[in-house]
There are 2 protein chains.
Amino acid sequence: MRIYLKISRQLESDIRQYFRPGDYLPPEMQLAERFQVNRHTVRRAIDELVANGLVQRHQGKGNMVLRQPHLYRLHDGAHFTGNLLEQGSLPSCQVVGSRLMAVTGKLAVELNIEPEQKIVHIQTLRTTEGIPRCVINHYLSDPEWWPVLKHFRQGSLHEFLRKTLELELKRESTRLSARAPSNEECRLLQINKSVPVMRIKTRNQLKGSNQIAEFSVSSSRSDLIEYVVEH
Amino acid sequence: MRIYLKISRQLESDIRQYFRPGDYLPPEMQLAERFQVNRHTVRRAIDELVANGLVQRHQGKGNMVLRQPHLYRLHDGAHFTGNLLEQGSLPSCQVVGSRLMAVTGKLAVELNIEPEQKIVHIQTLRTTEGIPRCVINHYLSDPEWWPVLKHFRQGSLHEFLRKTLELELKRESTRLSARAPSNEECRLLQINKSVPVMRIKTRNQLKGSNQIAEFSVSSSRSDLIEYVVEH
DNA sequence: TCCCATTTGTACGTATGTATG
DNA sequence: CCATACATACGTACAAATGGG
């Protein structure tokens with residue numbers, strides 16, 4: 001009994017042997033044909049793989065292999081370690097999206113500005129060795145920076161600000177927490193709900209001023225990243 | 001469209017209003033009747049709640065409510081905030097257990113001592129307002145401290161060391177990560193597997209020496225604790 | 001022990017919606 | 001606009017676990 005578990009195990013074995021991250025599985029109908037079951041049974045089997053973070057569904061395209069299954073118990077060994085102080089100025093970040101937006105309640109509090117005011121939102125993703133590690137949402141209080149910031153594509157945001165707008169940012173506060181990932185974080189970081197994310201919120205002031213220029217929230221994969229504090 | 005999401009949200013709201021942890025939801029057939037949908041659609045809706053850790057399925061019995069959903073959005077409001085620098089010397093800790101033990105591989109590395117050597121292990125629990133917040137495992141490298149340390153019952157371990165053994169400890173390194181909780185942590189912190197824990201590992205040296213005197217691992221409930229770093 | 005009603009779990013089938021290329 | 005492939009929703013049937021008689 002429990003055909004879907006057998007199929008799930010078979011698919012996992014297939015993935016390990018014949019597939020590489022980024023490959024697509026055969027269509028569900030084809031798998032149903034091969035295993036001589038209904039398509040729903042194949043879907044149930046793939047549900048297991050999705051829940052274990054091996055596969056990602058893409059409507060209209062197919063089911064993509066994410067990574068080799070042995071990778072997701074990686075933490076105990078040698079793993080990527082970030083430095084807490086360099087958060088927000090990571091050099092190897094790619095911009096996922098950027099826009100002008102109206103501030104909502106909590107962001108207004110963090111940035112210490114009035115509601116409804118426009119701010120700049122930039123979302124970046126840090127990927128190393130082809131694996132997404134960390135997604136950062138930057139919120140910048142001054143909409144006049146938008147014409148320049150909209151051209152920011154990659155690298156260190158703080159360095160970009162220094163070079164293009166001659167702005168020096170200074171860390172005002174850092175707060176650390178952990179969470180189950182949001183759906184968006186699951187997608188961007190290629191994880192499932194069972195992998196917690198570490199969340200770091202920072203507030204940065206303009207040097208020589210008390211005004212908060214930037215508020216950032218970074219979420220890192222807890223299975224791949226550990227932060228160190230310098231003493 | 002996406003009826004199951006609407007039903008899922010409705011059920012979550014119902015749970016918040018009318019159910020307590022340990023209660024069972026109405027049978028799936030009954031919910032299907034109420035929402036005028038097929039039972040599978042109700043199941044799909046409950047799948048969402050299960051994935052978010054609100055509900056547990058029990059075959060033959062029913063679907064049990066695990067906890068109130070607002071608990072895991074508690075983080076944004078006024079909540080307990082710890083200071084990262086005071087970790088390991090929290091004044092309001094109770095000793096759960098203490099013992100002499102032989103070091104295992106990883107602990108030997110952290111303490112920088114030979115395997116098989118005896119060390120002191122003390123486990124403490126920080127409970128405030130009747131709610132367990134944080135469990136800390138202290139590992140001390142010198143077994144000669146055991147006759148004194150075994151009398152440690154509560155308060156700040158670092159203060160106890162200073163007063164009874166005249167030892168001054170100095171933070172050497174701090175590392176932060178996040179994890180799904182272990183079974184023991186679930187028990188001590190009164191949470192389930194869906195609430196991540198933040199983990200802080202510290203190494204402390206004897207002042208004026210390079211030797212690691214203490215290695216500690218603290219695990220805090222991520223739904224109740226946020227850490228701040230002093231700049 | 002056995003039976004039975006209830007309730008969840010699995011598997012099948014069919015149809016239609018939606019995203020991709 | 002079309003074919004392909006995944007997403008959602010309906011329906012039916014039976015298996016498996018639970019708890020009571």
Side-chain angles (χ1 to χ4, degrees), chain A residues 1-12 14-15 18-19 21-66 96-97 182-184 186-188 190-193, chain B residues 1-12 14-15 18-66 192-194:
Chain A
M1 276 307 113
R2 293 218 278 183
I3 305 171
Y4 76 89
L5 277 184
K6 281 188 183 173
I7 295 177
S8 166
R9 279 192 289 265
Q10 181 61 48
L11 286 175
E12 183 171 332
D14 286 0
I15 286 170
Y18 308 116
F19 291 81
D23 290 350
Y24 281 82
L25 294 177
E28 293 171 355
M29 276 307 297
Q30 203 168 307
L31 290 171
E33 178 69 22
R34 168 179 156 201
F35 291 114
Q36 289 292 296
V37 295
N38 189 276
R39 180 177 153 233
H40 290 303
T41 308
V42 168
R43 281 184 69 77
R44 184 72 182 79
I46 293 175
D47 281 345
E48 295 297 303
L49 304 180
V50 170
N52 287 323
L54 266 80
V55 162
Q56 217 172 43
R57 294 183 184 283
H58 293 291
Q59 184 172 357
K61 286 182 73 176
N63 299 305
M64 191 181 75
V65 172
L66 280 182
V96 178
S182 68
N183 291 334
E184 185 184 44
C186 282
R187 183 172 53 77
L188 288 168
Q190 298 180 15
I191 54 178
N192 61 60
K193 293 274 183 185
Chain B
M1 275 306 114
R2 293 217 281 185
I3 306 171
Y4 75 89
L5 278 184
K6 280 189 183 173
I7 294 177
S8 165
R9 279 192 288 266
Q10 181 60 49
L11 287 175
E12 183 171 330
D14 286 0
I15 287 171
Y18 308 116
F19 291 81
R20 302 168 57 93
D23 291 350
Y24 281 82
L25 294 178
E28 293 170 356
M29 276 307 298
Q30 203 168 307
L31 290 172
E33 179 68 22
R34 168 181 157 199
F35 291 114
Q36 288 292 296
V37 296
N38 190 276
R39 181 178 151 229
H40 291 303
T41 307
V42 169
R43 280 184 69 76
R44 184 73 181 80
I46 294 175
D47 281 346
E48 295 297 303
L49 304 180
V50 171
N52 287 323
L54 266 83
V55 162
Q56 227 171 38
R57 294 184 182 281
H58 294 290
Q59 185 172 356
K61 285 183 75 177
N63 300 306
M64 191 180 76
V65 173
L66 280 182
N192 63 58
K193 292 276 183 183
S194 71

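The model shown is predicted, which means the values in this text are computed figures rather than measured ones. Just so we're on the same page: letters track the sequence lines, and every chain starts at 1.
- Looking at residues two or more places apart in sequence or on another chain, you find a salt bridge (charged side-chain N to carboxylate O under 4.0 Å, His left out) between B:Glu48 and B:Arg44.
- Not a single donor-acceptor contact under 3.5 angstrom links the side-chain atoms of A:His58 to the base of D:dA7.
- When the C1' atom of D:dA9 is taken as reference, atom CG of B:Asp47 falls 14 Å away, rounded to whole Å.
- With rounding to the nearest 0.5 angstrom, the CD1 atom of B:Ile7 is 13.5 Å from the CZ atom of B:Arg2.
- In this structure, CG of A:Asn38 is placed 15 Å from P of C:dT10, rounded to the nearest angstrom.
- In this structure, D:dC1 forms no base pair with any nucleotide, since neither Watson-Crick nor G-U wobble geometry is met with both distances under 3.5 Å.
- In this model, the phosphate group of C:dT8 is not approached by any side-chain N or O of B:Arg57 to a distance below 4.0 Å at OP1 or OP2.
- For C:dT7, the OP1/OP2 oxygens have no side-chain nitrogen or oxygen of B:Asn63 closer than 4.0 Å.
- Side-chain contact check for B:Arg57 versus B:Arg43: some heavy-atom pair is nearer than 4.5 Å.
- Atom-to-atom, CE of A:Met29 to C1' of C:dT14 comes out at 12 Å; the value is rounded to the nearest Å.
- Of the residues near DNA chain C, B:Gln30 and B:His40, the one whose nearest nucleotide (by heavy atom distance) lies more toward the 5' end is B:Gln30.
- Contact of B:Gln59 with D:dA16 (side chain to base): a donor-acceptor pair of N or O atoms is detected under 3.5 Å.
- Not one side-chain nitrogen or oxygen of B:Arg44 sits closer than 4.0 Å to the OP1 or OP2 atom of D:dA9.
- Shown are A:Val42, A:Asn63, A:Asp14; of these, the side-chain contact (heavy atoms from CB on, under 4.5 Å) with A:Leu25 is made only by A:Asn63.
- With rounding to whole Å, A:Leu5 atom CG is found 13 Å from C:dA11 atom C1'.
- The side chain of A:Lys61 places no N or O atom within less than 4.0 Å of a non-bridging phosphate oxygen (OP1 or OP2) of D:dT4.
- In this entry the distance linking CZ of A:Arg39 with P of D:dG11 reads 19 Å, nearest Å.
- Between the P atom of D:dC6 and the CZ atom of B:Arg2 lies a distance of 18 Å, rounded to the nearest Å.
- Atom pair A:Leu25:CG and D:dC6:C1' shows a separation of 12 Å (rounding to whole Å applied).
- Phosphate contact (OP1/OP2 of D:dT8, side-chain N/O of B:Tyr4, threshold under 4.0 Å): present.
- Contact check, B:Arg43 against C:dT8: no side-chain N or O comes under 4.0 Å of OP1 or OP2.
- Rounded to a whole Å, the CE atom of A:Met64 is 13 Å from the P atom of D:dC6.
- B:Leu11 has its side chain out of reach of B:Leu54: every pair of non-hydrogen atoms, C-beta onward, lies at least 4.5 Å apart.
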